[in-house]
Novice: 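Below you will find the structure I want to go over with you.
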Amino acid sequence: MLPPSRRDFVSLTVSESGSYTNSKQWRRQSCWRKWKQLSRLQRSLILFTLMLLLVGGITTSPTLIGHWRDGVVGENGYDGKQPFVVNLKNEYRSIPPELPSENRLQTKTNASGLLGVENHGLHLKNADKGSKGGKPIISWRGAVIEEEHASDTDTKDTEIQDDPASLALAESRLEAVREAFRHAWKGYKNFAWGHDELKPISKSYGEWFGLGLTLIDALDTMWILGLKEEFAEARQWVAKELSFDKNVDVNLFESTIRILGSLLSTYHLTGDSLFLEKAKDIGSRLMPAFNTASKIPYSDVNIGKGTAHPPQWTSDSSVAEVTSIQLEFRELSRLTGDPKYKLAVMEVMKQVHKLDGKQDGLVPMFINTNNGLFTHQGMYTLGARADSYYEYLLKQWIQGGKTEKEFLDDYLQAVEGVKKNLLKKSTPSGLAFVGELSHGHFSPKMDHLVCFLPGTLALGAHYGLPADHMELAKQLMETCYQMYAQMEIGLSPEIAHFNMHEGSTQDVDVKIADRHNLLRPETVESLFYLYRFTKDKKYQQWGWEILQNFNKYTRVPTGGYTSINNVRDPASPNPRDKMESFFLGETLKYFYLLFSEDPNLISLDKYVFNTEAHPLPIWPQSE
Ligand code: DMJ
C-alpha cells in the first residue's frame, strides 16, 4: 500500500502516457533487482516451474495439439485433411479420413478395457447460442465448437429453446425416451441377449441372421441417449462374442443398413477402433453379393462361405435394396482407403441412372441381377421396395458435399414425378397423400413406410432445394400424423387407404390385413426433421402423443415392446410377440432427437442419417 501522498500523485498522473511508461520501467527495474538478489537454486526452481506451466499449457490446448498432430501426419505424406474419394468417373485417390469430433463423448478406457463414457447430459446455456458476443458455442457433450465450424443454418433457422420451461419439458421427455429404451433393453437382456430379436411375450428370441442384430442396431442409440452402462455391456459383447465368420445367409441390404451402418456410425461417434474393425470385417464379407453378370447385387450373401445368390423364386433384387447401401459402402471406402466398396455401389447407381423404364423419375420396384434391367415395369410406389432409393439420392448428394450432380438431378426429377403422378388429396379433410400407380391406374394406398418422405423433403429444402418441397413436407407430415390420430389406439396401421370419393366421412380406411403396427420409425423420423427445421412445437407434441400410445399399447410389463396386430381395437391390440431391431435403432433414437432442443445433437449440417437412423459424416467440401 502506498502512503496517501504517493497515491494522490499516481492518481493524478496515471493517464499521462509518459508517467505510465516510467512506472512500467520502474516496476521492471525493481523486478530485475529482486531476481538478481535470488540464489542460483531459487532462480533454477522458478525457471523450472515456469517451463512446466508452459509445456502443460501447450499440451492441453486443443488448437495447438491439432496443429501439432497435423504437422506430424504431414511428415508421413498425409495432410490430415483430404479423405479418400472416388468421383462418378471412378477416379480415386487414397487419402485417410478426417473424423468429425464434436459429437464424440469424452471417453476413457478403464482397467477392464471397457470404454467409459463421461460428460453426459444436455449442456444448454445461453452461451450455446453462438460466440458473437465473445462466448463459445458449447456442443451437446460440452465440447467447444469453433465459430466457423458451428452450424450456421441450425442456429439461424432453429433457435435453441433455452427458457427454463422449455428445457424442463424437454428434459422430462428425453428421460421418458431413456426410460423406454431401458425397458426395451431389460427385455432384450433378460430373454434375447446376443440374439437377433426379442420375443417379449414368450420371453424368448428369434434369429434372422444370428448376429445379435438388435444389440448392434442399438449401439449408437445408447451412445446418443447417454446410456453408459448399457453401452459398455454391449461393447463388451461386440468385443468378445461378435463373429462374422459364420456359415449364415444374410440379406445384403438389411445387414448393410443395420450392421455396417451402425458399426460405422458408432465408430464415428466414439472414435473406438473396435467398431471400425468390425465394420471392415462385415463390409468385406458382403462383397461377394456384387459378383453377378450385371453387377447389380444379389439379395443374399453367405458371409462365412463367401457365396451369394438371389432368392429361390427369382433372380430379381428389389430396387430399394440395391440402391440403399451406398452411403455405407462409400463411407467404408473413405475410412479404409480401399476404393472397391465405393466402386461396387456406384456402378449400381450409374446403371440405374441410365435405365429405361422410369416414369418422370419414378423407378419400378425390381431389377434383374442377370441383365440389369427393371422388371415388373409400370408399377410405381414410394413405399416398400422403392422407398429408400429416393431417400439415398438426396443423401448421397449431401454426403458427397453436394458435388455429384446426377443424384440431385434424379432426386429433383423424382419429386416432380411424385407430384405429377402420385400426390392426391383425401376427402373429407383434404389430406395430401402419396398413392401408387399400377400400369396407369392410381391406387390411394399409402404404406406407413412412405412417411420417411416429409423428413427427406424437409432435409432437401434445408439444403437449398425449392421451398415448395418444404410446403409439401408439412402437408405430408400432417397426413402421417393423422394416420396415427385417426386410429382407435392412436398408432398407425402398416398401410392406409385414403378416401377420395365425395361424401366419404373419414379420410383413412384400413383393410383387415393392414391393421398391424410394427413399431416403425418413419413418422417419428419425419417429425424430428420437421421440428429441427421449423421449431414448431406441434411436431414435438404429436411425437409425444405417439410415444405415450406406444407405451400404452405395445409395452410388455416384463420388458420390451411388441409389434401388434390391430390398431383399431383398444381392447385387444393383439401382440405379435416381436420387437424389431429398428425400434431401438431408429424409433427411440428419433424420439430422443425430436424432443431434444439442441440442434448440435447430431447436427444435420455435419451428419447424414442412413435409412436405419445411423448418422454418418458429411464429407468435407473439398472431396
Ligand atoms: C428400417 O429397416 C429402415 O428404415 C428401412 O429403410 C425401412 N424399413 C425399416 C423400418 O421401418
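Note: hydrogens, waters and symmetry copies are ignored here, and every other heavy atom, side chains too, is used. None of these values were measured; they are calculated from a predicted model. Note that ligands are numbered from 1 as they come in the structure, with each ligand's atoms numbered from 1 the same way.
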Novice: Between Lys424 and Phe442, is NZ or CZ placed under 6.0 angstrom from the six-membered ring centre and within 45° of the ring axis?
Specialist: yes
Novice: Looking at ligand 1, would Leu518 count as a contact under a 4.0 Å heavy-atom criterion?
Specialist: no
Novice: Does atom NZ (Lys419) have a neighbourhood of more than 12 heavy atoms from anything else shown, all under 6.0 Å?
Specialist: yes
Novice: Need the ligand 1 atom indices (1-based, order shown) with element for anything under 4.0 Å from a heavy-atom of Pro521.
Specialist: 10 (C), 11 (O)
Novice: Do Asp569 and Asn574 get their side chains close enough for a donor-acceptor pair, meaning under 3.5 Å?
Specialist: no
Novice: For ligand 1, is there an atom lying under 4.0 Å from some heavy atom of Glu522?
Specialist: yes
Novice: Would Lys295 and Glu347 pass as an ion pair if we require N to O under 4.0 Å?
Specialist: no
Novice: Distance alone, cut at 3.5 Å: any donor-acceptor contact between the side chains of Asp577 and Thr562?
Specialist: no
Novice: Look at the rings of Tyr561 and Phe583 and say which category their plane angle falls in: under 30° parallel, 30 to 60° tilted, over 60° perpendicular.
Specialist: tilted
Novice: What protein heavy atom is closest to atom 6 (O) of ligand 1, reported as residue, atom name and distance in Å?
Specialist: Thr611 OG1, 2.7 Å
Novice: What atoms of ligand 1 come within less than 4.0 Å of a heavy atom belonging to Leu449?
Specialist: 7 (C), 8 (N), 11 (O)
Novice: Starting from atom 8 (N) of ligand 1, which protein heavy atom do you reach first, and at what distance in Å?
Specialist: Arg520 NH1, 3.6 Å
Novice: Of the non-hydrogen atoms in Leu332 and Gly283, which two are nearest, and what is the gap between them?
Specialist: CD2-CA, 3.7 Å
Novice: Look at ligand 1 and say whether His448 reaches it with a heavy atom at a distance under 4.0 Å.
Specialist: no
Novice: For Leu213, is there any backbone N or O sitting under 3.5 Å from a side-chain donor or acceptor partner on Asp217?
Specialist: no
Novice: Using a plain distance cutoff, I'd like to know if Glu586 has any nitrogen or oxygen under 3.5 Å from a nitrogen or oxygen of ligand 1.
Specialist: yes
Novice: Which ligand 1 atoms does Ile257 reach within 4.0 Å, using its non-hydrogen atoms?
Specialist: 2 (O)
Novice: Students should be able to answer this: which protein heavy-atom is nearest to atom 2 (O) of ligand 1, and at what distance?
Specialist: Glu612 OE1, 2.6 Å
Novice: Taking heavy atoms and a distance under 4.0 Å, where does Arg258 meet ligand 1: side chain, backbone, both or neither?
Specialist: side chain
